[in-house]
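First the structure, in the form of structure tokens, and then the observations on it.
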Amino acid sequence: MEHDALDAGEARYELVISVDARRSGQYSDAEKPRMRERIYRVLETAFAQAGVGRDAVHMEDRGDGVLVSVPGRIAVTRLLGLWMVEVHENLREENRSLLVPLGLRVAMHVGPVRHDSRGISGRAVDLTCRLADSAVARQLLDRERADLVLAVSDSLYVDVVSAGGKFIEPARFSSARLALKEGEVSAWFHLPGRPAPDIGPIAPEEPSAPAGGPAAAPVGGPEAALAAMDAALAARTAAAAGRRVDDSDGDDEDGADRYRAQGDLSVHRNNVYQQPVHIGRVTGDSPRKD
């Protein structure tokens with residue numbers, strides 16, 4: 001991309017695009033070159049299909065992704081609309097021959113960008129990369145088993161997406177609050193070819209509730225939530241007495257007995273054993289009895 005006599009201290013408003021591969025760390029050293037080749041083929045072919053010359057944009061390699069800046073003379077709506085459609089179609093075509101499909105997280109934002117001999121920089125670049133790397137973008141791609149997720153900044157949504165346009169449907173975007181290193185921001189997420197995603201249950205960046213308010217969802221996704229549940233259950237079990245709990249109104253609704261379990265308490269009912277069995281543990285020097 002040509003930047004005629006562009007001073008490193010001079011900033012220009014440009015569209016910044018960050019593209020990251022899903023779970024790139026799971027690719028072996030032998031597989032990564034092929035992954036990278038597919039990413040570039042998907043993106044560069046889409047630029048040509050959208051009528052955007054390759055030499056008109058700046059592209060930086062990021063190992064498992066690509067960082068792009070597009071000058072203001074090229075309409076943002078063309079990238080948000082037609083280019084994204086072509087990226088999605090090209091990606092689906094690539095994935096038809098793959099046992100493990102390639103997934104891409106794409107983020108966009110417009111802001112001041114500074115160019116130097118090594119690439120681009122600025123808060124607009126930082127924000128775009130954070131959006132592509134956000135937990136919401138990652139989990140949406142996994143949970144929905146999608147090929148592609150698009151994240152756009154709140155300002156880009158308000159200024160461009162909300163007005164709609166060719167291949168741009170604002171009703172198919174959903175918002176989320178993200179707690180990034182730079183502070184809390186709003187962002188909008190879209191799964192091409194699908195209705196607006198349901199983000200509520202998978203937004204771990206939501207800031208913690210104030211004292212006395214509802215507890216925030218565990219950060220870290222389903223694994224962290226399960227770990228927290230296991231820890232709470234272990235604490236309750238250790239503190240509970242090994243006796244039956246009597247309801248104040250008599251029987252449970254389902255007629256089942258309820259127990260607080262501690263140590264080796266176990267309950268066996270209506271079992272048919274086909275051979276001698278031992279239930280419980282042997283303690284001290286007591287011989288085991290079958």
Side-chain angles (χ1 to χ4, degrees), residues 1-21 24 32-33 35-88 90-91 104-134 137 148-161 163 165 168 178 180-183 185-190:
M1 181 179 178
E2 299 266 342
H3 285 275
D4 45 334
L6 184 59
D7 182 15
E10 182 181 356
R12 294 185 178 180
Y13 270 78
E14 297 183 343
L15 172 67
V16 183
I17 305 173
S18 177
V19 182
D20 285 338
S24 59
K32 283 189 176 180
M35 175 198 72
R36 288 160 45 81
E37 182 180 351
R38 292 187 185 100
I39 293 175
Y40 275 94
R41 185 161 55 238
V42 166
L43 301 182
E44 292 178 338
T45 302
F47 279 126
Q49 292 166 329
V52 179
R54 172 62 184 84
D55 59 350
V57 301
H58 168 83
M59 295 183 71
E60 282 183 33
D61 184 78
R62 289 299 178 99
D64 59 352
V66 181
L67 182 62
V68 181
S69 67
V70 183
R73 67 177 182 271
I74 299 176
V76 174
T77 52
R78 186 181 302 183
L79 281 301
L80 274 168
L82 181 57
W83 183 74
M84 280 301 302
V85 168
E86 300 296 354
V87 167
H88 187 214
N90 295 341
L91 182 58
L104 295 180
R105 303 187 307 274
V106 179
M108 295 187 184
H109 173 59
V110 173
V113 177
R114 288 176 168 80
H115 292 255
D116 58 35
S117 60
R118 294 178 177 85
I120 60 176
S121 62
R123 291 185 177 179
V125 176
D126 296 341
L127 174 58
T128 309
C129 293
R130 299 271 194 266
L131 295 181
D133 195 47
S134 67
L148 181 66
V149 61
L150 170 65
V152 301
S153 64
D154 188 58
S155 60
L156 182 56
Y157 180 88
V158 171
D159 295 341
V160 182
V161 175
I168 302 175
L178 310 177
L180 306 181
K181 291 182 179 180
E182 295 80 5
V185 301
S186 292
W188 295 78
F189 296 84
H190 170 58

> For Val160 and Val152, what are the C-alpha separation, side-chain angles and deciding distance, and is it a side chain to side chain contact (heavy atoms under 4.5 Å, CB included)?
Replying inline: CA-CA 10 Å; Val160 182; Val152 301; over 6 Å; no
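- Residues forming a side chain to side chain contact (heavy atoms under 4.5 Å, CB included) with Arg123 (at least two apart in sequence, or on another chain): none.
- Using a 30° and 60° split on the angle between ring planes, Trp188 and Tyr157 fall in the parallel class, below 30°.
- Using a distance-only test at 3.5 Å, with no hydrogens or angles considered, a donor-acceptor pair links the side chain of Asn90 to the main chain of Glu86.
- Remark: the backbone N or O of Ile120 is paired with a side-chain donor or acceptor of Glu60 at under 3.5 angstrom.
- The heavy-atom pair separating Ala11 from Pro112 by the smallest distance is CB-CB, 3.9 Å.
- Side-chain contact check for Leu80 versus Leu15: every heavy-atom pair is 4.5 Å or farther apart.
- Here the CG-CG distance, from Asp20 to Asp64, works out to 5.5 Å after rounding to the nearest 0.5 Å.
- In this structure, the side chains of Val85 and Gln49 stay at 4.5 Å or more apart for every pair of heavy atoms.
- With a 4.5 Å cut-off on side-chain heavy atoms, Arg54 and Met59 count as touching.
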> Going through the checks in order, is the side chain to side chain contact (heavy atoms under 4.5 Å, CB included) test met by Arg36 and Asp61?
Replying inline: CA-CA 9 Å; Arg36 288 160 45 81; Asp61 184 78; 2.7 Å; yes
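- Taking every heavy atom of both residues into account, Arg62 and Cys129 meet most closely at NH1-SG, 4.2 Å.
- Applying the 6.0 Å contact sphere to OH of Tyr13 captures no more than 12 heavy atoms from other residues, nucleotides or ligands.
- The distance from the CG atom of Asp159 to the CG atom of Asp154 is 9.0 Å, given to the nearest 0.5 Å.
- Rounded to the nearest 0.5 angstrom, Ser121 OG and Asp116 CG are separated by 6.0 Å.
- Counting only heavy atoms from C-beta outward, the side chains of Glu14 and His58 never approach each other to under 4.5 Å.
- Nearest heavy atoms, Met35 versus Gly63: CE-O, 4.3 Å.
- Heavy-atom minimum distance, Leu82 versus Ala50: CD2-CA, 3.7 Å.
- Annotation: side-chain hydrogen bond (donor to acceptor under 3.5 Å, both in side chains) contacts of Arg78 (sequence neighbours excluded): none.
- By the 4.5 Å heavy-atom criterion applied to side chains, Val70 and Trp83 are not counted as neighbours.
- No salt bridge links Asp126 with Lys181; every basic N to acidic carboxylate O contact stays at or beyond 4.0 Å.
- Counting heavy atoms from C-beta outward, Ser153 and Leu131 have side chains that approach closer than 4.5 Å.
- In this structure, the ring-ring contact (aromatic ring centres under 6.0 Å, His included) partners of His190, at least two apart in sequence or on a different chain, are Phe173.
- Here the CG atom belonging to Leu79 is positioned 9.5 Å from the CD1 atom belonging to Ile168, to the nearest 0.5 angstrom.
- Annotation for Thr45 and Arg41: closest pair OG1-O, 2.6 Å, computed over non-hydrogen atoms.
- Between the CE atom in Met108 and the CG atom in Leu156 there is a gap of 8.0 Å [rounded to 0.5 Å].
- You'll find the side chain of Leu43 reaches within 4.5 Å of the side chain of Val87, heavy atoms only.
- To the nearest 0.5 angstrom, Arg105 atom CZ is 8.0 Å from Ser134 atom OG.
- Counting all heavy atoms, side chain and backbone alike, Ala187 lies closest to Leu178 at CB-CD1, 3.9 Å.
- For the pair Val125/Arg114, no side-chain contact is recorded, criterion being any heavy-atom separation below 4.5 Å from C-beta on.
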